[in-house]
*Asks:* 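Below you'll find the structure I mean.
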Number of protein chains: 2
Amino acid sequence: MAFEKEHKILDGYLRDKGLKQSAQRRDILNAFLKTEGHMTVEDLHKIVKRKNPSIGIATIYRALKMFCECGLCRELRLGDGMIRYEHKYGHAHHDHFTCLKCNKLIEATDPEIERLQEKLARKMGFKLQGHLLILYGLCRECK
Amino acid sequence: MAFEKEHKILDGYLRDKGLKQSAQRRDILNAFLKTEGHMTVEDLHKIVKRKNPSIGIATIYRALKMFCECGLCRELRLGDGMIRYEHKYGHAHHDHFTCLKCNKLIEATDPEIERLQEKLARKMGFKLQGHLLILYGLCRECK
DNA sequence: CAACTTATTGATAATGATTATCAATATCAA
DNA sequence: TTGATATTGATAATCATTATCAATAAGTTG
């Protein structure tokens with residue numbers, strides 16, 4: 001299954017916090033890492049169930065929250081009432097474009113936009129720590 | 001109370017859709033318009049209650065949804081689990097900056113960023129119809 | 001290895017914002 | 001004035017997420 005680096009990050013986090021390991025959490029991490037895209041908790045629950053049918057959904061919630069805390073995962077609130085999760089470790093920062101017709105979600109970045117955000121924040125006297133940018137519209141296929 | 005223009009917009013919308021007027025909705029619109037900032041449904045409910053103590057919260061939900069449909073109001077999902085509402089009519093487009101310490105919410109815009117978003121979307125083959133940009137960090141007072 | 005402390009798990013109850021339902025009432029056109 | 005129908009307010013339903021809790025597993029210490 002590999003993913004040694006990611007497991008090492010999780011293990012380091014557990015050690016730092018004095019927490020314990022568990023087979024369930026390892027299974028969830030593997031399923032999370034091998035699944036590309038922007039998962040919902042329910043999506044991941046279904047996937048992990050194939051390997052461990054008795055896993056509870058509360059455990060998925062708990063694990064994803066922990067993965068976010070140790071930098072393996074990023075939370076994504078697109079305004080559809082569900083939190084989505086994507087890989088963070090080893091992935092450059094990016095924003096998102098969602099198609100209003102087919103609901104496709106695509107990653108997008110522009111370093112120039114990032115730079116201007118910094119500049120705007122500075123101009124207003126703020127210390128920028130992060131941002132959320134979602135572009136809405138019609139994708140190539142739907143427009 | 002004035003706000004003639006905004007009431008005219010609402011009335012036109014009602015006429016177009018074959019809907020009826022109501023004193024409650026007019027009260028809600030006045031309360032909405034006279035309140036600056038980024039209101040939550042509950043905020044507005046409290047305010048309207050001062051004039052009409054028997055107004056139900058469901059009516060506030062319904063009215064705000066309608067105000068959004070006719071362009072008087074904009075919905076704002078900041079990821080804190082509640083939808084916030086702000087004036088849209090007569091207000092230039094703007095994005096938001098939220099302070100992670102004091103939760104202050106401030107409006108911000110940069111026409112250059114807007115332009116680059118258009119460009120980025122075009123480059124990816126998308127037709128841009130809107131965007132959501134929230135900057136997170138520490139404000140002048142908290143940093 | 002055994003005993004003990006404590007984190008984890010899975011089931012399920014609780015939460016909380018929003019939506020749907022419904023009978024009573026208000027609006028508006030004929 | 002009447003009839004059709006939109007609106008209202010109360011409240012039940014929904015649904016994603018969180019909290020609770022007893023049972024179990026992990027890891028530490030003697």
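In what follows, every chain begins at residue 1, and chains take the letters A, B, ... in the order their sequences are listed.
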*Asks:* Would you compute the distance between atom CZ of A:Arg115 and atom CD of A:Glu118 and round it to the nearest 0.5 angstrom?
*Replies:*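 A:Arg115 atom CZ to A:Glu118 atom CD measures 10.0 Å (nearest 0.5 Å).
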*Asks:* With no hydrogens and no angle check, just 3.5 Å: does a side-chain donor-acceptor pair link B:Glu107 and B:His91?
*Replies:*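 Per modelled atom types, B:Glu107 and B:His91 side chains form no pair under 3.5 Å.
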*Asks:* Relative to the ring of B:Phe32, is the ring of B:His87 parallel (under 30°), tilted (30 to 60°) or perpendicular (over 60°)?
*Replies:*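 B:His87 and B:Phe32: perpendicular rings.
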*Asks:* Has the side chain of A:Thr40 got a donor or acceptor atom that lies under 3.5 Å from a matching backbone atom of A:Asp43?
*Replies:*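 A pair under 3.5 Å: no.
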*Asks:* Would you say A:Glu69 and A:Tyr13 are linked by a side-chain donor-acceptor pair, where the criterion is simply a distance under 3.5 Å?
*Replies:*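 Yes, A:Glu69 and A:Tyr13 have a side-chain donor paired with an acceptor closer than 3.5 Å.
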*Asks:* Taking atom CG of B:Asp110 and atom CE of A:Met124, what is their separation to the nearest 0.5 Å?
*Replies:*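 Going from CG on B:Asp110 over to CE on A:Met124, the span is 10.5 Å.
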*Asks:* Under 4.0 Å from a heavy atom of chain B: give me the 5'-most and 3'-most nucleotides of DNA chain D that qualify.
*Replies:*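 Range of nucleotides touched by chain B: D:dA4 to D:dA10.
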*Asks:* When you check the side-chain N and O atoms of A:Glu86 and A:His94, is any donor under 3.5 Å from an acceptor?
*Replies:*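 Yes, because at least one side-chain N or O of A:Glu86 sits under 3.5 Å from a partner of the opposite role on A:His94.
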*Asks:* Could you check B:Ile57 against B:Gly18 and say which one's nearest nucleotide on DNA chain D is further toward the 5' end?
*Replies:*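 Nearer the 5' end of the strand: B:Gly18.
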*Asks:* If I take atom CZ in residue A:Arg62 and atom P in nucleotide C:dA7, what distance separates them, rounded to the nearest angstrom?
*Replies:*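 Answer to the nearest Å: 14 Å.
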*Asks:* Have a look at A:Ile55 and say if it touches a base, only the backbone sugar-phosphate, or nothing, with a 4.0 Å heavy-atom cut-off.
*Replies:*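 Here A:Ile55 touches the backbone only, sparing every base.
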*Asks:* Whole angstroms only, please: what is the CG-C1' distance between A:Leu14 and C:dT6?
*Replies:*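 Value for this atom pair: 14 Å.
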*Asks:* Tell me which residues in residues 65-86 of chain A put a heavy atom below 4.0 Å from DNA chain D, sorted by number, or none.
*Replies:*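 Close to the strand are A:Lys65, A:Gly81, A:Met82, A:Ile83.
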*Asks:* Side-chain donor-acceptor pair under 3.5 Å between B:His131 and B:His93, yes or no?
*Replies:*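 Checked: B:His131/B:His93 side chains pair up, N/O donor to acceptor below 3.5 Å.
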*Asks:* Is a salt bridge present between B:Glu6 and B:Lys8, judged by a nitrogen-to-oxygen distance below 4.0 Å?
*Replies:*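 Looking at B:Lys8 together with B:Glu6, the answer is no, because their closest N to O distance does not fall below 4.0 Å.
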*Asks:* Going by number, which of residues 19-29 of chain B have a non-hydrogen atom under 4.0 Å from DNA chain C?
*Replies:*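 Contacting residues: B:Lys20, B:Gln21.
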